[in-house]
Amino acid sequence: MQKEMNKIDIVLGLQWGDEGKGKVVDVLTPGYKMIARFQGGPNAGHSLVFDGDSFVLHTVPSGIFRDGTVNIIGNGVVIDPVILMDEISKIEARGVDVGGKLVISKRAHLILPTHRALDAASESAMGKAKIGSTLKGIGPAYADKTGRYGLRVGDILREDFRELYASHKARHEQLLQQYPPFDLPFRFDEYEQEWFRAVEQMKRFPFIDSEVYVNEALQAGTSILAEGAQGSLLDIDFGTYPYVTSSNTMSAGVCTGLGIAPSRVGKVFGIFKAYCTRVGSGPFPTELSDADGERLRAIGHEYGATTGRPRRTGWLDMVALKYAVMMNGVTDLIMMKADVMDDFDTVKVAVAYKVGGEVTESFPYDGGKEATPVYKEFRGWKSPLGGLRSYEDFPQAFKEYIAFIEAETGCRVSIVSVGPDRNATVRR
Ligand code: GDP
Ligand code: IMO
Ligand code: MG
């Protein structure tokens with residue numbers, strides 16, 4: 001008898017990224033045979049902490065450190081070969097055999113050195129209005145994809161790959177001439193040489209039709225977890241446009257980024273921090289520029305895992321969280337980093353926005369640029385969560401905080417993370 005076709009579960013961020021997706025995927029991986037990235041690229045920085053050591057992944061799925069897992073870089077991802085191969089050599093230096101555990105979609109697009117230059121040129125030209133991009137070439141690479149000019153992983157195997165590359169580079173150089181002078185954050189010629197070396201090295205991994213691979217695996221009853229990058233408020237369609245990334249970061253992105261039908265989506269694990277952070281420009285209604293904001297940054301080590309930039313910090317935003325839960329069809333919430341607020345006397349949550357004298361609970365078109373948050377205050381739990389491993393042991397005040405979030409979102413918090421280590425995790 002044929003096995004029942006499996007569904008694909010999803011882990012994704014509900015805020016502006018950096019919610020702790022890397023940690024959660026690493027924690028959940030033992031329950032899955034395959035882990036797949038479906039969008040984004042090396043703008044992502046996913047941190048994993050185990051055995052007293054930490055690791056940051058940018059393109060490789062966060063299942064790579066667990067034995068017996070296949071990690072898939074799906075068609076929706078954009079790949080910088082230099083960053084990918086550098087990452088792989090660092091993983092291999094830890095004794096992990098990446099060779100047998102990583103496959104790459106032929107349809108994933110390549111980030112060219114000139115995409116990185118275009119990113120830098122565009123950001124520099126925008127001055128104060130800049131997006132605050134990670135400068136990894138993400139926007140220009142996706143623009144070429146939708147503009148139907150992109151180079152794909154499968155093209156690497158073409159005999160005329162060098163000529164193809166040259167024609168793309170020439171087109172990009174013409175575009176670059178239209179920008180005012182700007183600083184290139186890398187040496188172009190060196191990077192280009194490295195890029196070609198990395199392209200050659202990539203060939204040791206199977207370039208596959210990952211949509212067929214994934215669907216056949218589901219058909220055979222294989223369990224698959226899709227790993228989101230960035231967060232819902234950075235989604236190209238529903239995020240705080242234009243201060244967003246260039247891909248669909250939401251659950252719907254799994255369908256196009258891996259080639260599976262909506263009916264194949266199973267659980268949607270929505271991850272959120274117990275507060276908020278944002279790195280880069282754009283609206284952030286609950287942002288704190290006071291001592292509490294500084295405390296969140298210091299205790300939470302809120303500095304970018306990819307760029308090292310200090311992250312902006314603020315209170316949890318229920319208006320934005322409910323919007324994200326709605327569009328993703330979240331089935332399970334996962335709460336991260338509440339331990340960072342262990343010593344806070346009070347904890348605030350925005351339950352509505354005041355916009356021009358009107359109070360609204362709807363997430364506004366402009367992302368809340370003109371919004372003043374309406375807060376509900378909670379008493380702090382004032383005791384360390386980090387050592388706790390069971391929900392029953394949580395302090396009452398913290399349980400009340402969780403219960404409020406569940407009531408507001410209509411979604412159960414099924415996992416609570418209380419520290420960066422994979423073991424600092426409480427399942428209900
Ligand atoms: P991602 O991009 O969503 O994978 O998140 P990042 O790795 O960029 O940022 C999350 C940061 O928080 C990392 O430094 C993690 O090690 C850390 N972290 C994850 N979960 C927790 C937690 O529950 N408590 C604390 N204190 N740190 C955490
Ligand atoms: P992970 O997966 C946080 C932000 C950038 C900038 C905007 C556009 O680690 O959560 P881009 O380089 O994509 O053109 O930048 O998006 N951004 C992230 N912020 N976490 C990320 O990834 C991010 N990836 C991009 O800071 O504001
Ligand atoms: Mg990150």
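Atoms within a ligand are numbered from 1 in the order they appear, just like the ligands themselves.
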>> Checking a contact table here: which protein heavy atom is nearest atom 20 (N) of ligand 2, and how many Å away?
In response: Asp18 OD1, 3.1 Å

> What is the ring orientation for Phe238 with Tyr323, classed by angle as parallel under 30°, tilted 30 to 60°, or perpendicular over 60°?
Replying inline: perpendicular

> Which of the atoms in ligand 2, numbered in the order shown and given with their element, are less than 4.0 Å from a heavy-atom of Ala44?
Replying inline: 1 (P), 2 (O), 9 (O), 22 (O)

>> At under 4.0 Å between heavy atoms, is it the side chain or the backbone of Tyr243 that contacts ligand 2, or both, or neither?
In response: neither

>> Which residue is it: Ile79, Leu84, Thr134, Ile138? I am looking for the one with a side-chain contact (heavy atoms from CB on, under 4.5 Å) to Pro42.
In response: Ile138

>> Can you tell me which residue among Ile73, Val103, Ile72, Val77 is in a side-chain contact (heavy atoms from CB on, under 4.5 Å) with Ser210?
In response: Ile72

> What residue and heavy atom of the protein are closest to atom 6 (C) of ligand 2, and at what distance?
Replying inline: Gly132 O, 3.2 Å

> Based purely on interatomic distance, does Val49 place a nitrogen or oxygen under 3.5 Å from a nitrogen or oxygen of ligand 1?
Replying inline: no

> Which one holds for Arg311 and ligand 1: side chain close, backbone close, both close, or neither close, with close meaning a heavy atom under 4.0 Å?
Replying inline: side chain

> Backbone or side chain, does any N or O of Asp119 fall under 3.5 Å from an N or O of ligand 2?
Replying inline: no

> Taking heavy atoms and a distance under 4.0 Å, where does Asp18 meet ligand 1: side chain, backbone, both or neither?
Replying inline: both

>> Suppose we measure from atom 4 (O) of ligand 1 to each protein heavy atom; which comes out shortest, and what is that distance?
In response: Gly22 N, 2.8 Å

> Considering only the protein, which heavy-atom contact is closest to atom 15 (O) of ligand 2, and what is its distance?
Replying inline: Ser133 CA, 3.4 Å

> Considering only protein heavy atoms, which is closest to atom 2 (O) of ligand 1, and at what distance to one decimal place?
Replying inline: Gly45 O, 2.8 Å

> Of the listed options (Lys337, Glu19, His301, Lys21), which comes nearest to atom 21 (C) of ligand 1 when hydrogens are ignored and any heavy atom counts?
Replying inline: Lys337

>> Counting non-hydrogen protein atoms only, what is the nearest one to atom 19 (N) of ligand 2? Give residue, atom name and distance.
In response: Val279 CG1, 3.4 Å

> Does His46 approach ligand 2 within less than 4.0 angstrom via side chain, backbone, both or neither, non-hydrogen atoms only?
Replying inline: side chain

> Do any of the N, O or S atoms of Lys21 sit under 2.8 Å from the Mg ion (ligand 3)?
Replying inline: no

> Phe378 vs Tyr401 aromatic rings, parallel, tilted or perpendicular, using cut-offs 30° and 60°?
Replying inline: perpendicular

> Yes or no on side-chain hydrogen bond (donor to acceptor under 3.5 Å, both in side chains) for Asn43 and Thr245, after CA distance, side-chain angles and deciding distance?
Replying inline: CA-CA 9 Å; Asn43 47 352; Thr245 191; 3.2 Å; yes

> Where is the nearest protein heavy atom to atom 12 (O) of ligand 2: which residue, which atom, and how far?
Replying inline: Thr134 OG1, 2.6 Å

> Is it the case that more than 12 heavy atoms not belonging to Tyr149 sit under 6.0 Å from its OH atom?
Replying inline: no

> What residue and atom, counting heavy atoms only, is the protein's closest point to atom 18 (C) of ligand 2, and at what distance?
Replying inline: Leu234 CD1, 3.7 Å

> Using 4.0 Å as the upper bound for N to carboxylate O, is an ion pair formed by Glu287 and Arg312?
Replying inline: yes

> Going by distance only, is there an N or O of Arg309 that falls short of 3.5 Å from an N or O of ligand 2?
Replying inline: yes

>> Please check whether Gly45 reaches ligand 2 - meaning an N/O of the residue sits under 3.5 Å from an N/O of the ligand, judged on distance alone.
In response: yes

> Side chain or backbone of Val418 under 4.0 Å from ligand 1, or both, or neither, by non-hydrogen atoms?
Replying inline: backbone

> Short N/O distance, under 3.5 Å, between Gly419 and ligand 1?
Replying inline: yes

> Would one find an N or O of Met336, backbone or side chain, under 3.5 Å from an N or O of ligand 1?
Replying inline: no

> How far is atom 13 (O) of ligand 2 from its nearest protein heavy atom, and which residue and atom is that?
Replying inline: Thr245 OG1, 2.6 Å

>> Salt bridge check, Arg412 against Asp332: does any charged N sit closer than 4.0 Å to a carboxylate O?
In response: no

>> Strictly below 4.0 Å, N to O, side chains only: are Glu302 and Lys337 in salt-bridge contact?
In response: yes

> Do the side chains of Val199 and Met85 get nearer than 4.5 Å, heavy atoms only?
Replying inline: no

>> Students should be able to answer this: which protein heavy-atom is nearest to atom 16 (O) of ligand 1, and at what distance?
In response: Pro420 CB, 3.4 Å

> Taking atom types as modelled, is there a side-chain donor on Asp86 or His58 under 3.5 Å from an acceptor on the other?
Replying inline: no

> How are the rings of Trp381 and Phe398 set to each other: parallel, tilted or perpendicular (split at 30° and 60°)?
Replying inline: tilted

> How far is atom 15 (C) of ligand 1 from its nearest protein heavy atom, and which residue and atom name does that atom have?
Replying inline: Ser47 CB, 4.0 Å

>> Below the 3.5 angstrom mark, is there an N/O of Ile138, backbone or side chain, next to an N/O of ligand 2?
In response: no

> Between Lys23 and ligand 1, which residue portion shows a heavy-atom distance shorter than 4.0 Å: side chain, backbone, both, or neither?
Replying inline: side chain

> Does Gly20, backbone or side chain, put an N or O under 3.5 Å from an N or O of ligand 1?
Replying inline: yes

> Any idea which protein heavy atom is nearest atom 24 (N) of ligand 1, and the distance to it?
Replying inline: Asp339 OD1, 2.8 Å

> For ligand 1, is there an N or O atom under 3.5 Å from any N or O atom of Ser417?
Replying inline: yes

>> Using every non-hydrogen atom in the two residues, find where His115 and Asp144 come nearest and quote the distance to one decimal.
In response: NE2-OD2, 2.8 Å

> Looking at Asp18, which of its N, O or S atoms is the nearest one to the Mg ion (ligand 3)?
Replying inline: OD1

> Which atoms of ligand 2 have any heavy atom of Lys21 under 4.0 Å away?
Replying inline: 1 (P), 2 (O), 10 (O)

> Looking only at protein heavy atoms, which one is nearest to atom 7 (C) of ligand 2, and how far off is it?
Replying inline: Val244 O, 3.9 Å

> Quick one: are Lys376 and Lys348 in side-chain contact, heavy atoms under 4.5 Å?
Replying inline: no

> Short list, please: which atoms of ligand 2 are under 4.0 Å from a heavy atom of Ala229?
Replying inline: 2 (O)

>> Are more than 12 heavy atoms, taken from residues, nucleotides or ligands other than Tyr241, located less than 6.0 Å from that residue's OH atom?
In response: no

>> Can you name the atoms of ligand 2, numbered from 1 with element, that are less than 4.0 Å from a heavy atom of Trp16?
In response: 3 (C), 19 (N)

